[in-house]
Amino acid sequence: MRLVYDPADPYAVYVHHHAWTIDAEVVWVFGRELLDTGLALQHDGAEEGEGDVIITRVNQQTMKIAHILRGETDERHELILSTARLRSFLDTSYATIPPGTERNERARCSVTSTTGTPNAPA
C-alpha cells in the first residue's frame, strides 16, 4: 500500500493498494483535508466523511480508511493504517504545499503547463 501526494493536484491524497477481490492495484482519491480532519478525531469509533471515503478512529494508534463502492451493491473495502504513518505523510504534504496555499499552487501549475514546461511531482 502506498500513500501519494502530488503537488500538481494539491487538494488530493492518493492511496494505492492491491485489491484481492479483483487481483489488481486500485487507487482511491480523496481530499487531503478529509485525512487531516479524520486524524483529529478524539474518540474511538468516531467517523469523518460523507461520501465514498470514510475515516474512522479505531484507537489512538490506528485509523481505518473505508472506501464504499456505490452502484448495484454497496461494497466496502477497508484499510487499517498507523496514525503515526498517516500524520507523517500529511506533515510531509504540508511541507510541500502548506494548507491554504493549494489554490496558488494550482494556478501556478496551470500557468506552467500552458507555457509548455513540464510540471513533475516533487
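This is a predicted model, so every value here is computed, not measured.
Checked for salt-bridge contact, Arg2 and Glu25 meet the test: a charged N lies under 4.0 Å from a carboxylate O.
Side-chain contact check for Leu3 versus Leu86: some heavy-atom pair is nearer than 4.5 Å. For the pair Leu35/Phe30, a side-chain contact is recorded, criterion being any heavy-atom separation below 4.5 Å from C-beta on. Between Ser93 and Arg32, some side-chain heavy-atom pair lies under the 4.5 Å cut-off. Asp36 places a side-chain heavy atom less than 4.5 Å from the side chain of Tyr94. For the pair Leu81/Met1, a side-chain contact is recorded, criterion being any heavy-atom separation below 4.5 Å from C-beta on. Thr56 has its side chain out of reach of Met63: every pair of non-hydrogen atoms, C-beta onward, lies at least 4.5 Å apart. Contact of the Lys64 side chain with the Ile55 side chain is not registered, since no non-hydrogen atoms from C-beta on lie closer than 4.5 Å.
Considering NE2 of His17 and NE2 of His77, their distance stands at 7.5 Å, rounded to 0.5 Å. The line from CG of Leu39 to CG of Leu41 is 8.0 Å long, rounded to the nearest 0.5 Å. To the nearest 0.5 Å, atom CG of residue Leu34 and atom OH of residue Tyr11 are 15.5 Å apart. Between atom CG of residue Asp9 and atom CD of residue Glu102 there is a gap of 10.5 Å, rounded to the nearest 0.5 Å.
Taking all atoms of both residues into account, the shortest heavy-atom contact from Thr83 to Gln60 is OG1-O, 3.4 Å. Contact between Ala66 and Glu78 at its shortest, heavy atoms only, is CB-CG, 3.8 Å. Taking both residues in full, the closest heavy atoms of Gly49 and Ile54 are given as O-CG1, 4.0 Å, listed atom of the first, atom of the second, then distance. Between Thr96 and Pro7, the closest heavy-atom pair is CG2-CG, 3.6 Å.
The hydrophobic cluster around Tyr14 extends to Val4, Val27, Val29, counting ILVMFWY residues whose side-chain heavy atoms fall within less than 4.5 Å of a member. Hydrophobic cluster of Ile80: the remaining members, joined at side-chain heavy-atom separations below 4.5 Å, are Val58, listed by chain and number.
Within the 3.5 Å criterion, the main-chain N or O of Ala46 finds no donor-acceptor partner in the side chain of Glu48. Of the possible polar contacts, one joining the Thr101 side chain to the Pro98 backbone as a donor-acceptor pair under 3.5 Å is found.
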Subject >> Stepwise side chain to side chain donor-acceptor pair (under 3.5 Å) test for Asn59 and Thr62 >> reply: CA-CA 5 Å; Asn59 59 45; Thr62 58; 3.1 Å; yes

**OP:** Determine, stepwise, if the pair Asp23 / His18 fulfils side chain to side chain contact (heavy atoms under 4.5 Å, CB included).
**Re:** CA-CA 7 Å; Asp23 194 27; His18 189 84; 3.0 Å; yes

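Taking the six-membered ring for Trp and thresholds of 30 and 60 degrees, Trp28 and His67 have nearly parallel ring planes, at less than 30 degrees apart.
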